[in-house]
Amino acid sequence: MTSSRNSEATNIPSNPRGQSTITRARAAVVERKDAPFVMHDVTLEAPRPGEVLVRMVATGICATDAHVRQQLMPTPLPAILGHEGAGIVVRTGVSVGHIKPGDHVVLSYHSCGQCKPCLSSHAAYCEKVWEANFAGARLDGSIGVERNGVDDLHAHFFGQSGSIVRL
């Protein structure tokens, strides 16, 4: 969902599949073109059925993040950027079965999972790659992040991160 330092995520429920608890975290936000990355407190909604909440242990800002910051790759701002990283699964949505809380994972890009390339194990060629990774929202247009009680941020950059790989 979003990058947060290991010690920053709070309010994690004792029932890891609980869907009613929100999580507070810290996220790298770019407010406008060429603005610096600034850490902000954010609130994340609980994972949806196919989503996973990961407590980030290692993360970085890559060239793609820098290109979006400069608006060389148009993504709506303000936005939570940063998508590369590794961490520990904290909570999963109810339909996630291949990983569980406590698993160590790395993050990758997002894909729709429904188009011909995705269904033939070629998610890198997803027909919705742009919408899934650069639109600043989930594929259904929703954004599960708030800052100071306001939903003025775009998120889900690279699905933040749509594909989770167990180590």
Side-chain angles (χ1 to χ4, degrees), residues 1-19 21-30 36-69 73 75 78-113 118 121-126 128-139 143-147 153-167:
M1 296 201 40
T2 192
S3 300
S4 68
R5 290 189 306 226
N6 189 24
S7 62
E8 298 293 337
T10 59
N11 291 344
I12 296 170
S14 57
N15 174 1
R17 286 195 182 261
Q19 297 303 301
T21 303
I22 58 172
T23 299
R24 289 186 299 265
R26 303 227 352 117
V29 175
V30 171
F37 291 92
V38 178
M39 296 303 292
H40 284 272
D41 293 322
V42 297
T43 303
L44 311 174
E45 69 180 29
R48 290 189 175 182
E51 294 179 338
V52 175
L53 177 65
V54 175
R55 176 173 284 154
M56 298 304 297
V57 175
T59 189
I61 300 295
C62 81
T64 307
D65 301 302
H67 292 321
V68 169
R69 180 181 153 283
M73 298 174 76
T75 293
I80 297 172
L81 300 178
H83 63 276
E84 294 182 345
I88 301 168
V89 174
V90 173
R91 196 177 334 151
T92 63
V94 296
S95 67
V96 175
H98 63 290
I99 58 174
K100 63 187 181 313
D103 283 349
H104 292 242
V105 295
V106 293
L107 311 178
S108 186
Y109 57 87
H110 188 43
S111 58
C112 76
C118 286
S121 299
H122 294 94
Y125 302 102
C126 177
K128 295 185 179 180
V129 69
W130 191 262
E131 300 95 324
N133 294 286
F134 297 99
R138 293 180 178 111
L139 283 171
I143 302 171
V145 180
E146 291 184 350
R147 170 175 56 171
L153 294 173
H154 293 90
H156 308 282
F157 183 66
F158 263 72
Q160 268 166 339
S161 275
S163 179
I164 306 292
V165 180
R166 185 174 8 167
L167 297 177

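In this text, all values refer to a predicted model and were calculated from it rather than measured experimentally. The analysis underlying the following values was restricted to heavy atoms, covering all of them including side chains, and did not include hydrogens, waters or symmetry mates.
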J.: Tell me, with the steps shown, if Met56 and Leu107 meet side chain to side chain contact (heavy atoms under 4.5 Å, CB included).
T.: CA-CA 10 Å; Met56 298 304 297; Leu107 311 178; 3.5 Å; yes
J.: For residues Ala155 and Val145, report the shortest heavy-atom separation together with the two atoms involved.
T.: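 Residues Ala155 and Val145, closest heavy atoms: CB-CG2, 3.8 Å.
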J.: Provide the closest heavy-atom pair for Pro47 versus Gly93 in the form atom of the first, atom of the second, distance.
T.: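 Pro47 and Gly93 have their closest heavy atoms at CB-N, 3.9 Å.
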J.: What's the spacing between Arg91 CZ and Arg55 CZ if we round to 0.5 Å?
T.: 10.0 Å
J.: What's the separation between atom CG in Asn133 and atom OG in Ser111, rounded to the nearest 0.5 Å?
T.: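 Atom-to-atom, Asn133:CG and Ser111:OG are 8.0 Å apart.
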J.: For Arg138, is there an ion pair with Glu51 - N to carboxylate O distance below 4.0 angstrom?
T.: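 A salt bridge is present here (some side-chain N lies under 4.0 Å from a carboxylate O).
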J.: Check side-chain contact (heavy atoms from CB on, under 4.5 Å) between Thr64 and all other residues, then give those that pass, not counting sequence neighbours.
T.: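 Thr64 satisfies side-chain contact (heavy atoms from CB on, under 4.5 Å) with Cys62, Met73, His83, Phe134, Phe157, Phe158 once adjacent residues are dropped.
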J.: Could Arg24 and Glu45 be called an ion pair, given the rule that one side-chain N must be under 4.0 Å from one carboxylate O?
T.: no
J.: Does any N or O in the side chain of Ser95 come within less than 3.5 Å of the main-chain N or O of Pro49, such that one atom is a donor and the other an acceptor?
T.: yes
J.: Using a strict cut-off of less than 4.0 Å between a Lys/Arg side-chain nitrogen and an Asp/Glu carboxylate oxygen, indicate whether Arg26 and Asp41 qualify as a salt bridge.
T.: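 Yes.
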J.: Does a side-chain heavy-atom distance below 4.5 Å link Ile88 with Val57?
T.: yes
J.: Nearest 0.5 Å, what's the NE2-CD1 distance between His154 and Ile143?
T.: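 Those atoms lie 5.0 Å apart.
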J.: Taking all atoms of both residues into account, what is the closest heavy-atom pair of Ile99 and Asp103, and its distance?
T.: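 The answer is CA-OD2, 3.3 Å.
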J.: Just jot down the side-chain hydrogen bond (donor to acceptor under 3.5 Å, both in side chains) partners of Arg69, sequence neighbours excluded, or say none.
T.: none
J.: Do His110 and Leu139 have side-chain heavy atoms sitting under 4.5 Å apart?
T.: yes
J.: Side chains of Leu153 and Pro78, heavy atoms from C-beta outward: is any pair under 4.5 Å?
T.: yes
J.: Do Asp65 side-chain atoms and Gly82 backbone N/O form a donor-acceptor pair below 3.5 Å?
T.: yes
J.: Identify the two heavy atoms, one from Ala28 and one from Phe37, that lie closest to each other, and give their separation to 0.1 Å.
T.: CB-CD2, 4.2 Å
J.: Do the non-hydrogen side-chain atoms of Leu53 and Thr23 ever get within less than 4.5 Å of each other?
T.: yes
J.: Using the rule given for side chain to side chain contact (heavy atoms under 4.5 Å, CB included), can you reason through Val29 versus Val38, listing the C-alpha separation, both sets of side-chain angles and the distance that settles it, and then say yes or no?
T.: CA-CA 5 Å; Val29 175; Val38 178; 5.5 Å; no
J.: Please report the shortest heavy-atom distance between Val106 and Ala86, naming the atom on each side.
T.: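 Answer, listing the atom of Val106 first, then Ala86: CG1-CB, 4.1 Å.
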J.: State, with a plain yes or no, whether a side-chain heavy atom of Pro101 is found less than 4.5 Å away from one of Val90.
T.: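 Side-chain contact under 4.5 Å: no.
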J.: So, using side-chain contact (heavy atoms from CB on, under 4.5 Å) as the criterion, who are the partners of Ala135 when residues are at least two apart?
T.: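 Expected list: none.
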J.: Sequence neighbours excluded, which residues qualify as side-chain hydrogen bond (donor to acceptor under 3.5 Å, both in side chains) partners of His67?
T.: none
